[in-house]
Amino acid sequence: MRIDVVSIFPEYLAPLELSLIGKARQDGLLDLRVHDLRDFTTDRHRTVDDTPYGGGAGMVMKPEPWAQALTAVAAEGSGDAAGAGDSGDARKPVLIVPSPAGERFTQATAHQLAEEDQLVFACGRYEGIDERVLEWAADHFTVRPMSLGDYVLNGGEVAVLAMVEAIGRLLPGVVGNPESLVEESHSDGLLEYPVYTKPSSWRDRDVPAVLLSGNHGKIAQWRRHEQYRRTAERRPDLLAGFDAGTLPRADRTAF
Ligand SMILES: Nc1nc2cc(Br)ccc2s1
C-alpha cells in the first residue's frame, strides 16, 4: 500500500517513522510519503491561505496549491499501481480529508481502507480547505471526509496519525502475531475483555480465579461475558446492532 500525506506541518507526521509503522516502512510493507503543501505554491511567500468569502473569523486554505499537490501525488501513485500489476485496473486513490464534518472513522473503516492501493490524506488547517477542492478531486479520487469523533482539533495531522496507525497495523506482516488483531475492541462489535498478568495477587487484588483454572471453555465464556458487560456499561450504543444470540445464554437478558 502507498500512503501520501499532504500538510503544511510535515514534521507533525514524524511519529510515523517510529515503532511498528516505522518498521513496516523500512521493511517495504508500507510506502508512506509526507509532502509539504507549501512546495506546491508559486508565490514568493508560499501562501496557502486567504480570507473567507462571506466574511467570518480565520482563514481558508487556497484551492490551487491543493490541486497541484493532489495531482502530483495521484500521478506518482498511479505509476506505482500500474507497476504493481499488468491488469492496469488500479482503483482510484482514496482522498481522506480529516474533518469534524466527516463520516465516522471506525475499526470497520480501517479494515476497508487497508484494502486500498493508495490513500492520500489532506491535512486541513485554519478554518478548513476551500470546498471546491473536494468537488474537483472527485474526478480523480474517491473523496471521503472523515471524523475521529465529535471534537475540534487545530488541524488534520493528529487525526492522520491515528488513522494511519489504525490502518497500517492491519496490513499483512506489520503486526508480529496476526492473532492479536482478532480479539480487539470493536473487532466483533464489542469492547475487549480485561487482561491480567503476573503476579496473580497484587496489592491485595487477585486475578479472577477462572483465568488460573486452565479450563479454556470457562475462560472463553468469562471473557465473552466481560466483553458484553463492559460494552453495556461503557458503550451501550454499540449494542444496538449486536446479535445477543452469540452470547452465553445467561448473558442474553442479564443487562
Ligand atoms: N476533529 C478534527 N478537527 C479538525 C480541525 C481541522 Br482545522 C482540520 C481537521 C480536523 S479533524
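If you're wondering where the values come from, they're calculated on a predicted model, not measured in any experiment. When a ligand or atom number is given, it counts from 1 through the structure's own listing order.
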Practice problem: Not counting sequence neighbours, which residues clear salt bridge (Lys or Arg N to Asp or Glu O under 4.0 Å) with K23? List them please. | Solution: D27

Self-check item: N/O donor-acceptor pair under 3.5 Å between K92 side chain and A138 backbone
Solution: yes

Quiz item: More than 12 foreign heavy atoms under 6.0 Å from OH of Y126: is that the case here?
Solution: yes

Quiz item: Would you say the side-chain atoms of Q227 and D188 include a donor-acceptor pair closer than 3.5 Å?
Solution: yes

For ligand 1, list all ligand N or O to protein N or O distances below 3.5 Å, rounded to 0.1 Å.
unit_1, atom_1, unit_2, atom_2, d
ligand 1, 1 (N), Y151, O, 2.9
ligand 1, 3 (N), L153, N, 2.9

Self-check item: Value rounded to 0.5 Å, distance of CZ in F121 from CE in M163
Solution: 5.5 Å

Quiz item: If we only count heavy atoms from C-beta on, is the E127 to M59 side-chain gap below 4.5 Å?
Solution: no

